[in-house]
Enquirer: 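I have a structure I would like to understand better, so I am pasting it below and will then ask my questions one at a time.
FYI, side chains are in, hydrogens and waters are out, and symmetry mates aren't considered; it's all heavy atoms of this structure. If you read the sequence from its start, that first residue is 1, and numbering goes on from there.
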Amino acid sequence: MGHPFHLVEYSPWPLLNSFAVLCMPTGTVYYIKTGNLNLMMFGAMMVLFISYLWWRDVVRESTFQGHHSSYVVSGLKVGFILFIVSEVCFFFSFFWAYFHSSLAPTLDLGSVWPPMGITVLSPFQVPLLNTSVLLLSGVSVTWTHHSLEKGDKNSALQGLFLTLILGFYFLWLQYGEYSETSFSIADSVYGSTFFIATGFHGMHVMIGAMFLTVCFIRMFVFHFDKNHHLGFLAAAWYWHFVDVVWLFLFVSIYWWGS
């Protein structure tokens, strides 16, 4: 021993979750080719189940066993910041593909952007509403953070509950938007970049909402106080990152690109 850091025990969850995650895109391709949803649904259910077991172990280590000292918390914060940096690079690749095609459209696209034959969505209807919803959710999650730091549990729960409602409302609006588009992911590079960029953002909103749901449950059962709430802090950072990415998506793809 003789060190202030926490060396985690051997865990099967990272390896098992990797295989479960692999089943999801593989199952998606299989569904597109055959119409069979079984593999994709199996992967999604296994990811949820294994994530629950993984979260249970982390909660046990941090809350009940007291392994998350100040040194461990500092290391986890740095690790999560690096994770967000990797996510920035992930979305940067989508913006690169979009602007590479839109700033100098080829003859195949009719030398115009959006390409000929593509009827784009109005940026000042559902996309603008989605922007307002996400910005409000950023305000409410900040309200939760400040209430938590003041030790006001009831106010923190109210703010987090509002954040969850806004997050799931955003996903519902995006589903409705996808149902109304006149183009698909197969319609030239515009359809590909539009659905890949906004679709992956929607997936990140769903993951962030899952993180915040876990935080809501933990907050309700007194796992957080004004001095120890790293789990919520990481989820809030992630949520703010999702907000910022959406602002760039709205300005570049919905507004400028239309």
Enquirer: Please check if Phe211 and Ile165 belong to a single hydrophobic cluster, counting links between Ile, Leu, Val, Met, Phe, Trp and Tyr side chain heavy atoms closer than 4.5 Å.
Expert: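 Yes.
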
Enquirer: Tell me, please, which residues at least two apart from His228 pass side-chain contact (heavy atoms from CB on, under 4.5 Å).
Expert: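 His228 satisfies side-chain contact (heavy atoms from CB on, under 4.5 Å) with Asp225 only.
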
Enquirer: Applying side-chain contact (heavy atoms from CB on, under 4.5 Å), run through Val205 and Trp239 and close with a yes or a no.
Expert: CA-CA 8 Å; Val205 172; Trp239 196 256; 3.9 Å; yes

Enquirer: To the nearest 0.5 Å, how far apart are CZ in Phe80 and CG in Leu230?
Expert: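 Reported value, rounded in 0.5 Å steps: 9.0 Å.
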
Enquirer: So, taking the atom named OG in Ser132 and the one named CG in Leu166, what distance separates them when rounded to the nearest 0.5 Å?
Expert: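 One finds 10.5 Å between OG of Ser132 and CG of Leu166.
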
Enquirer: Roughly how far apart are Leu233 CG and His145 NE2, rounded to 0.5 Å?
Expert: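 If I round to the nearest 0.5 Å, the distance is 5.0 Å.
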
Enquirer: Phe42: what forms a ring pair (Phe, Tyr, Trp, His ring centres under 6.0 Å) with it, not counting sequence neighbours?
Expert: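 Counting only residues at least two positions away or on another chain, Phe42 forms no ring pair (Phe, Tyr, Trp, His ring centres under 6.0 Å).
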
Enquirer: Looking at Phe216 and Leu157, what are the two nearest heavy atoms and their distance?
Expert: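 That closest heavy-atom pairing would be CE1-O, 3.5 Å.
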
Enquirer: Do the side chains of Thr144 and Met219 get nearer than 4.5 Å, heavy atoms only?
Expert: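 Yes, side chains in contact.
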
Enquirer: Supply the members, apart from Phe19, of the Ile/Leu/Val/Met/Phe/Trp/Tyr cluster built from side-chain contacts under 4.5 Å; use none for a lone residue.
Expert: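 Cluster partners of Phe19: Leu15.
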
Enquirer: According to the side chain to side chain donor-acceptor pair (under 3.5 Å) rule, which pairs have a member within residues 91-103, sequence neighbours left out?
Expert: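 Passing the test, one end in residues 91-103: Tyr98-Trp113.
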
Enquirer: Identify whether Val245 and Leu82 are in the same connected component of the hydrophobic contact network (ILVMFWY, side-chain heavy atoms under 4.5 Å).
Expert: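 They do not share one cluster, since no chain of ILVMFWY contacts under 4.5 Å joins Val245 to Leu82.
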
Enquirer: Which residue pairs pass the side chain to side chain donor-acceptor pair (under 3.5 Å) test when at least one of the two sits in residues 201-214, sequence neighbours left out?
Expert: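 Passing the test, one end in residues 201-214: Glu87-His204.
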
Enquirer: Is there a donor-acceptor contact under 3.5 Å from the side chain of Thr26 to the main chain of Cys23?
Expert: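 Side chain of Thr26 to backbone of Cys23: no pair is present.
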
Enquirer: Kindly give the heavy-atom pair with the smallest separation between Thr119 and Ser182, and that separation in Å.
Expert: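 Closest approach of Thr119 to Ser182: O-OG, 3.2 Å.
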
Enquirer: Using a 6.0 Å cut-off, check whether atom CH2 of Trp256 has over 12 heavy atoms from anything other than its own residue.
Expert: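 More than 12 heavy atoms, drawn from other residues, nucleotides or ligands, come within 6.0 Å of this atom.
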
Enquirer: Just wondering, are more than 12 heavy atoms of other shown residues or ligands nearer than 6.0 Å to CZ in Phe124?
Expert: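 Enclosed: over 12 neighbouring heavy atoms sit under 6.0 Å from CZ of Phe124.
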
Enquirer: Should Phe99 and Val244 be counted in the same cluster of Ile, Leu, Val, Met, Phe, Trp and Tyr side chains packed under 4.5 Å apart?
Expert: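 Phe99 and Val244: one cluster.
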
Enquirer: Tell me whether the count of non-hydrogen atoms from other residues, nucleotides or ligands lying under 6.0 Å of CZ in Phe248 goes above 12.
Expert: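 No.
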
Enquirer: How long is the span from the NZ atom in Lys226 to the CD atom in Glu149, to the nearest 0.5 Å?
Expert: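 Lys226 atom NZ to Glu149 atom CD measures 10.5 Å (nearest 0.5 Å).
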
Enquirer: Is it the case that one hydrophobic cluster holds both Met210 and Phe241, taking links as side-chain heavy atoms less than 4.5 Å apart, direct or via other members?
Expert: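 Yes, Met210 connects to Phe241 through the hydrophobic network.
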
Enquirer: What heavy-atom pair brings Leu249 and Ala197 nearest, and what distance separates the two atoms?
Expert: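 Looks like CD2-CB, 3.8 Å.
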
Enquirer: Which residues satisfy the side-chain contact (heavy atoms from CB on, under 4.5 Å) test with Ser51, sequence neighbours excluded?
Expert: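 Ser51: side-chain contact (heavy atoms from CB on, under 4.5 Å) contacts with Asn17, Val47, Trp55.
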
Enquirer: Is the distance between the ring centroids of Trp237 and Phe83 under 6.0 Å?
Expert: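 Between Phe83 and Trp237, the centre distance exceeds or equals 6.0 Å.
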
Enquirer: Checking side-chain contact (heavy atoms from CB on, under 4.5 Å) for the pair Arg56/Trp13: CA distance, chi angles, key distance, verdict?
Expert: CA-CA 11 Å; Arg56 179 204 62 181; Trp13 311 134; 4.1 Å; yes

Enquirer: If two hydrophobic side chains count as joined below 4.5 Å and joins carry through other members, does Met45 share a cluster with Met206?
Expert: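 No: no chain of side-chain contacts under 4.5 Å links Met45 to Met206.
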
Enquirer: Can you name the closest pair of heavy atoms from Pro105 and Val112 and give their distance?
Expert: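 Shortest heavy-atom contact: CB-O, 3.5 Å.
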
Enquirer: Just wondering, more than 12 heavy atoms not from Tyr30 lying within 6.0 Å of its OH?
Expert: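 Check fails, neighbour count at 12 or below.
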
Enquirer: Within the 4.5 Å heavy-atom criterion, are Leu129 and Tyr169 side-chain neighbours or not?
Expert: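 The answer is yes; the side chains approach within 4.5 Å.
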
Enquirer: Suppose we screen for side-chain contact (heavy atoms from CB on, under 4.5 Å). Which residues come up paired with Met41, at least two apart in sequence or across chains?
Expert: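 Met41: side-chain contact (heavy atoms from CB on, under 4.5 Å) contacts with Leu37.
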
Enquirer: Do Lys77 and Val73 have side chains that approach each other closer than 4.5 Å (heavy atoms only, starting at C-beta)?
Expert: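 Lys77 reaches Val73 side chain to side chain.
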
Enquirer: Please find the pair of heavy atoms, one from Pro115 and one from Tyr190, that lie closest to each other, and give the distance.
Expert: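 Reported closest heavy-atom pair: CD-CB, 3.7 Å.
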
Enquirer: Assess whether ring-ring contact (aromatic ring centres under 6.0 Å, His included) is satisfied between Phe194 and Tyr254, documenting all intermediate values.
Expert: CA-CA 9 Å; Phe194 175 87; Tyr254 286 100; 5.5 Å; yes

Enquirer: side-chain contact (heavy atoms from CB on, under 4.5 Å) for His229 and Arg218? Distances and angles first, verdict last.
Expert: CA-CA 10 Å; His229 50 267; Arg218 294 189 64 193; over 6 Å; no

Enquirer: Under a 3.5 Å cutoff, is there a donor and acceptor pairing between the side chains of Ser11 and Trp54?
Expert: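 Per modelled atom types, Ser11 and Trp54 side chains form no pair under 3.5 Å.
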
Enquirer: Is it true that, when you exclude Phe161 itself, more than 12 heavy atoms of the residues, nucleotides or ligands shown sit nearer than 6.0 Å to its CZ?
Expert: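 Open.
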
Enquirer: Using ring pair (Phe, Tyr, Trp, His ring centres under 6.0 Å) as the criterion, list what pairs up with Phe49, not counting sequence neighbours.
Expert: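 Checked Phe49 against ring pair (Phe, Tyr, Trp, His ring centres under 6.0 Å); zero matches.
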
Enquirer: Holding to ring pair (Phe, Tyr, Trp, His ring centres under 6.0 Å), I want the full list of residues that pass it with Phe195, two or more places apart in sequence or in another chain.
Expert: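 Expected list: Tyr178, Phe183.
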
Enquirer: The criterion is salt bridge (Lys or Arg N to Asp or Glu O under 4.0 Å); which residues satisfy it with Arg60, sequence neighbours excluded?
Expert: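 Salt bridge (Lys or Arg N to Asp or Glu O under 4.0 Å) check on Arg60 returns Asp57.
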
Enquirer: Begin from the C-alpha positions of Thr142 and His240 and carry the test side-chain contact (heavy atoms from CB on, under 4.5 Å) through to its verdict.
Expert: CA-CA 9 Å; Thr142 303; His240 287 306; 3.3 Å; yes

Enquirer: According to side-chain contact (heavy atoms from CB on, under 4.5 Å), who are the partners of Val126, at least two apart in sequence or on a separate chain?
Expert: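 Here the qualifying residues are Asn130, Leu173, Glu177.
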
Enquirer: Can you measure from CD1 (Ile81) to OG (Ser86) and round to the nearest 0.5 angstrom?
Expert: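 Going from CD1 on Ile81 over to OG on Ser86, the span is 12.5 Å.
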
Enquirer: Residues in ring pair (Phe, Tyr, Trp, His ring centres under 6.0 Å) with Phe200, at least two apart?
Expert: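 Per chain and number, Phe200 pairs via ring pair (Phe, Tyr, Trp, His ring centres under 6.0 Å) with Phe90, Phe94.
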
Enquirer: First locate atom CG of Leu135, then atom OG of Ser137, and finally report the distance between them rounded to the nearest 0.5 Å.
Expert: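 Here the interatomic distance stands at 7.5 Å.
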
Enquirer: Grab the two heavy atoms, one from Gly231 and one from Cys215, that are nearest each other, plus how far apart they are.
Expert: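 Heavy-atom minimum between the residues: O-SG, 3.7 Å.
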
Enquirer: Below 4.5 Å, heavy atoms only, C-beta onward: do Leu128 and Trp255 meet side chain to side chain?
Expert: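 Result no, sub-4.5 Å side-chain heavy-atom pair not found.
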
Enquirer: How about Trp246 and Phe91: are their ring centroids closer than 6.0 Å?
Expert: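 Ring centres of Phe91 and Trp246 not closer than 6.0 Å.
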
